[in-house]
Amino acid sequence: MRDNTAAINEIIGLLGDKQRKAYVRSFGCQLNVSDGEKIKGLLMKMGYSFTEDEHEADLIILNTCAVRESAEDRVFGIVGSMKKLKELKPSLIIGIAGCMTAQSHIAEKIKRSYPQVDIVLGTSAISALPELLLKSLQGAKFSADISEYDDFSEAAEQVRESSFKASVPIMFGCNNFCTYCIVPHVRGRERSRRPEDIISEVSRLVHSGYKEIMLLGQNVNSYGRDLEGCISFPQLLRELDAIEGDFWIRFMSSHPKDASKELIDAIFECGKVAKHLHLPVQSGSSDVLRRMNRHYDIEKYLSIVRDIYSRDPDFSLTTDLIVGFPDESGEDFGRTLDLIREVRYDNIYSFIYSKRSGTPAAVMADSISDEEKGRRMRELLEVQREVSTEHYKRFVGRTMRVLADDVSKKRQGWLTGKSSEFIIVEFEGESSLIGQFVDVEITGSMNWAVTGKLKKG
């Protein structure tokens with residue numbers, strides 16, 4: 001991590017006793033949320049407090065997502081509306097960070113068309129923030145750093161959004177180049193953190209009382225391949241499982257092409273690794289998977305599923321699905337519906353394909369109308385609803401260990417949490433239980449959650 005102590009100290013001196021507030025908003029995936037927590041950590045060191053109201057802010061940082069062009073358009077709309085804020089408060093500093101700005105043409109567009117923006121910061125240049133902010137405070141009109149660094153900010157303090165659940169990135173970037181995905185172009189090639197740094201961070205979090213650790217990476221299964229002599233991801237899971245304490249280990253995302261027997265063994269053999277696997281399939285058609293450049297076919301995918309179910313028929317699986325990939329035929333889509341019925345996912349995260357400039361899929365021929373894509377999405381969601389409604393019944397009569405994480409939005413006096421299987425569980429309980437593990441006897445099921453009552457004693 002670069003030494004930004006001098007810039008931080010200069011900013012503290014410039015601000016003096018003035019109370020400065022920052023508004024930080026992160027869009028997109030959990031890696032972005034984690035980056036936003038690091039941005040807040042740096043700002044806190046510089047003397048900033050935080051506000052949820054951009055109108056109160058002296059500094060605004062939008063930590064952006066670039067997975068879909070609609071996400072970029074949304075951010076540009078927000079940035080455009082902030083021109084008025086800048087007119088009302090000329091001293092306001094506006095910064096744009098994240099995956100959007102890692103694209104040089106986007107950084108240039110911001111500089112050219114949005115003069116209200118003072119700072120542009122790339123995904124791997126978070127530790128450059130103090131230097132860029134100092135320049136802005138000293139009167140610079142525009143400062144940017146979108147270079148790609150092997151900078152994992154090991155020493156960075158974070159302002160975490162939760163006091164009992166923490167995300168820990170273990171690697172950055174992606175080498176897979178799926179034809180629909182912009183991520184390798186905005187987050188760069190795969191770069192793994194050293195295992196001893198990850199283990200140290202998780203140990204500190206556990207000893208500070210954190211109950212759930214989410215390991216993050218675009219493809220965690222590839223962890224360590226870029227480091228000579230590094231342990232594998234399953235070996236890392238075993239090292240973390242050996243840390244003393246009462247906590248769960250989760251991870252995402254896991255690429256099917258690298259979901260090895262060694263990984264499945266580790267999930268079942270490690271007591272603290274959650275009994276749930278998010279295994280994004282994207283399509284039930286091997287032909288579509290080939291055009292997506294996913295490096296596996298449906299038989300390979302199902303062999304992983306069958307191995308898991310041979311060990312535990314009730315194991316929890318979730319997935320990602322893209323509906324309407326260019327020239328997806330009716331037969332291709334039908335195979336996706338068949339896959340949902342065969343695998344019996346507890347939950348799916350589904351998206352209608354939208355063209356993403358800069359990716360190979362963006363120039364593929366596509367004869368599917370938007371109306372047909374919408375129809376297919378509705379049918380897919382209905383099939384999944386039928387599957388999950390039936391599949392969730394398997395939990396009724398069981399006792400599930402649950403990490404209570406919030407009050408229920410639908411029932412007064414009830415709490416909500418997630419089980420090891422990543423199943424939403426709602427139950428009656430006091431808010432003082434939030435952040436604790438509890439045992440819940442499951443008495444009912446829906447198509448998205450189960451309900452129950454606290455087990456006494």
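Index from 1, following the sequence. No hydrogens, no waters, no symmetry mates; every other heavy atom, side chains included, goes into these values.
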> Does a side chain donor of either Ser232 or Glu262 reach within less than 3.5 Å of an acceptor in the other side chain?
Replying inline: yes
> Salt bridge between Arg193 and Glu201, side-chain N to carboxylate O under 4.0 Å?
Replying inline: yes
> So, is the end of the Arg401 side chain (NZ or CZ) under 6.0 Å from the ring centre of Phe437 and within 45° of the ring's axis?
Replying inline: yes
> Taking side chain as C-beta onward, heavy atoms only, is Met100 less than 4.5 Å from Phe27?
Replying inline: no
>> Evaluate Arg335 against Asp338 for salt bridge (charged side-chain N to carboxylate O under 4.0 Å, His left out), listing each step before the verdict.
In response: CA-CA 5 Å; Arg335 293 186 183 102; Asp338 291 341; over 6 Å; no
> Does Arg225 come within less than 4.0 Å of Glu190, counting only side-chain N to carboxylate O?
Replying inline: no
> Are any of the side-chain heavy atoms of Ile198 and Glu239 separated by less than 4.5 Å?
Replying inline: no
>> Just checking Glu386: does its CD atom have more than 12 heavy atoms from other residues, nucleotides or ligands closer to it than 6.0 angstrom?
In response: yes
> OG/Ser162 to CG/Asp405 distance, rounded to the nearest 0.5 angstrom?
Replying inline: 8.0 Å
> Where is the tightest heavy-atom contact between Gly429 and Leu415, given as atom of each residue plus distance?
Replying inline: O-CG, 3.6 Å
> Is it true that a side-chain atom of Tyr309 and a backbone atom of Val343 form a donor plus acceptor pair closer than 3.5 Å?
Replying inline: yes
>> Does the Lys NZ or Arg CZ of Arg294 fall within the cation-pi geometry relative to Tyr180 - under 6.0 Å from the ring centre and within 45° of the axis?
In response: no
>> Tell me which one of Arg378, Gln384, Arg385 satisfies side chain to side chain donor-acceptor pair (under 3.5 Å) with Glu382.
In response: Arg385
> Do Asn219 and Ser222 have a side chain donor and acceptor closer than 3.5 Å?
Replying inline: yes
> Salt bridge check: are Arg187 and Asp35 linked by an N-O gap of less than 4.0 Å?
Replying inline: yes
>> Any side-chain to backbone donor/acceptor pair from Asp297 onto Lys300? Under 3.5 Å, distance only.
In response: yes
>> If you apply the rule side chain to side chain donor-acceptor pair (under 3.5 Å), what do you find for Ser192 with Asp226, and how did you get there?
In response: CA-CA 7 Å; Ser192 301; Asp226 58 310; 2.6 Å; yes
> Would you say Asn176's side chain and Cys178's backbone share a donor-acceptor pair under 3.5 angstrom?
Replying inline: no
> Would you call Arg306 and Glu342 a salt bridge, using N to O less than 4.0 angstrom?
Replying inline: yes
> Closest heavy-atom contact between Leu15 and Met46?
Replying inline: CD1-O, 3.7 Å
> Could you give the distance from CD1 (Ile170) to CZ (Arg191), rounded to the nearest 0.5 Å?
Replying inline: 13.5 Å
> Between Leu215 and Ile213, is any pair of side-chain heavy atoms under 4.5 Å apart?
Replying inline: yes
> Under 3.5 Å, is there a donor-acceptor pair between the Lys257 and Asn221 side chains?
Replying inline: no
> Do the ring centers of His255 and Tyr296 come within less than 6.0 Å of each other?
Replying inline: yes
>> Counting only heavy atoms from other residues, nucleotides and ligands, does the tally under 6.0 Å from CD of Glu244 exceed 12?
In response: no
> What do the steps show when you test Thr318 against His276 for side chain to side chain donor-acceptor pair (under 3.5 Å), and what is the final call?
Replying inline: CA-CA 8 Å; Thr318 56; His276 158 256; 2.8 Å; yes
> In Å and rounded to the nearest 0.5 Å, what is the CZ to NZ distance from Arg250 to Lys272?
Replying inline: 15.5 Å
> Looking at residues at least two apart in the chain, or sitting in another chain, which of them share a side chain to side chain contact (heavy atoms under 4.5 Å, CB included) with Glu54?
Replying inline: Tyr23, Ile60, Leu85
> Within a radius of less than 6.0 Å around NZ of Lys261, do more than 12 heavy atoms belonging to other residues, nucleotides or ligands occur?
Replying inline: no
> Looking only at heavy atoms, what is the nearest atom pair of Val407 and Ser431, with distance?
Replying inline: CG1-CB, 4.4 Å
> Is it true that Arg411 and Glu426 have a side-chain N and a carboxylate O under 4.0 angstrom from each other?
Replying inline: yes
> What closest approach, in Å, do Ile267 and Ala274 show between heavy atoms, and which atom pair accounts for it?
Replying inline: CG2-O, 3.9 Å
>> Taking the side chain as everything from C-beta on, heavy atoms only, tell me whether Ile298 gets closer than 4.5 Å to Ser285.
In response: no
> Taking His391 for the side chain and Asp346 for the main chain, is one N or O donor matched with an acceptor at less than 3.5 Å?
Replying inline: no
> Does the side chain of Ser26 come under 3.5 Å of the side chain of Asn63 through a donor N or O and an acceptor N or O?
Replying inline: yes
> Centre of Tyr210's six-membered ring, under 6.0 Å away, within 45 degrees of the axis: is that where NZ or CZ of Lys165 sits?
Replying inline: no
> Rounded to the nearest 0.5 Å, how far apart are CE of Met44 and CZ of Phe50?
Replying inline: 6.5 Å
>> Looking at Thr336 and Gly284, would you say the former's side chain and the latter's main chain have a donor-acceptor pair under 3.5 Å?
In response: yes
> Any side-chain heavy atom of Ile243 within less than 4.5 Å of one from Val202?
Replying inline: yes
>> Could you check whether any side-chain N or O of Arg376 sits under 3.5 Å from a backbone N or O of Gly324, counting only pairs where one atom can act as donor and the other as acceptor?
In response: no
> Looking at side-chain heavy atoms only, is the closest gap between Phe325 and Thr179 below 4.5 Å?
Replying inline: yes
> Is any side-chain heavy atom of Met252 closer than 4.5 Å to a side-chain heavy atom of Val220?
Replying inline: no
> Charged N to carboxylate O below 4.0 Å: is that the case for Arg160 and Glu37?
Replying inline: yes
> Say you draw a straight line from CD of Glu421 to CZ of Phe395; how long is it, rounded to the nearest 0.5 Å?
Replying inline: 5.0 Å
> Ignoring hydrogens and geometry, is there a side-chain-to-backbone donor-acceptor pair from Ser200 to Glu196 under 3.5 Å?
Replying inline: no
> Name the one of Lys275, Lys393, Arg398 that satisfies salt bridge (charged side-chain N to carboxylate O under 4.0 Å, His left out) with Asp314?
Replying inline: Arg398
> Salt bridge check: are Arg238 and Asp265 linked by an N-O gap of less than 4.0 Å?
Replying inline: no
>> Under a 3.5 Å distance rule, please check whether Ser34 uses its side chain to pair with a backbone N or O of Leu31 as donor and acceptor.
In response: no
>> Does any part of the side chain of His295, heavy atoms only, come nearer than 4.5 Å to the side chain of Asn293, both counted from C-beta?
In response: yes
>> So does Leu279 get a backbone contact from the side chain of Thr319, meaning a donor-acceptor N/O pair under 3.5 Å?
In response: yes
> At their closest point, which heavy atom of Lys211 faces which heavy atom of Leu403, and how far apart are they?
Replying inline: CB-CD1, 3.9 Å
> Looking only at heavy atoms, what is the nearest atom pair of Ala449 and Tyr392, with distance?
Replying inline: N-CE2, 3.3 Å
> So, for Phe251 and His278, is the gap between ring centers shorter than 6.0 Å?
Replying inline: no
> Is there a donor-acceptor pair closer than 3.5 Å between any side-chain N or O of Asn447 and the backbone N or O of Ser388?
Replying inline: no
> Could you walk me through whether Glu56 and Lys21 pass the salt bridge (charged side-chain N to carboxylate O under 4.0 Å, His left out) check?
Replying inline: CA-CA 7 Å; Glu56 295 179 354; Lys21 292 183 178 181; 3.6 Å; yes
> Do Lys418 and Phe422 meet the cation-pi criteria used here (NZ or CZ under 6.0 Å from the six-membered ring centre, within 45° of the axis)?
Replying inline: yes
> What is the distance from atom CD1 of Ile308 to atom CG of Leu277, rounded to the nearest 0.5 Å?
Replying inline: 5.0 Å
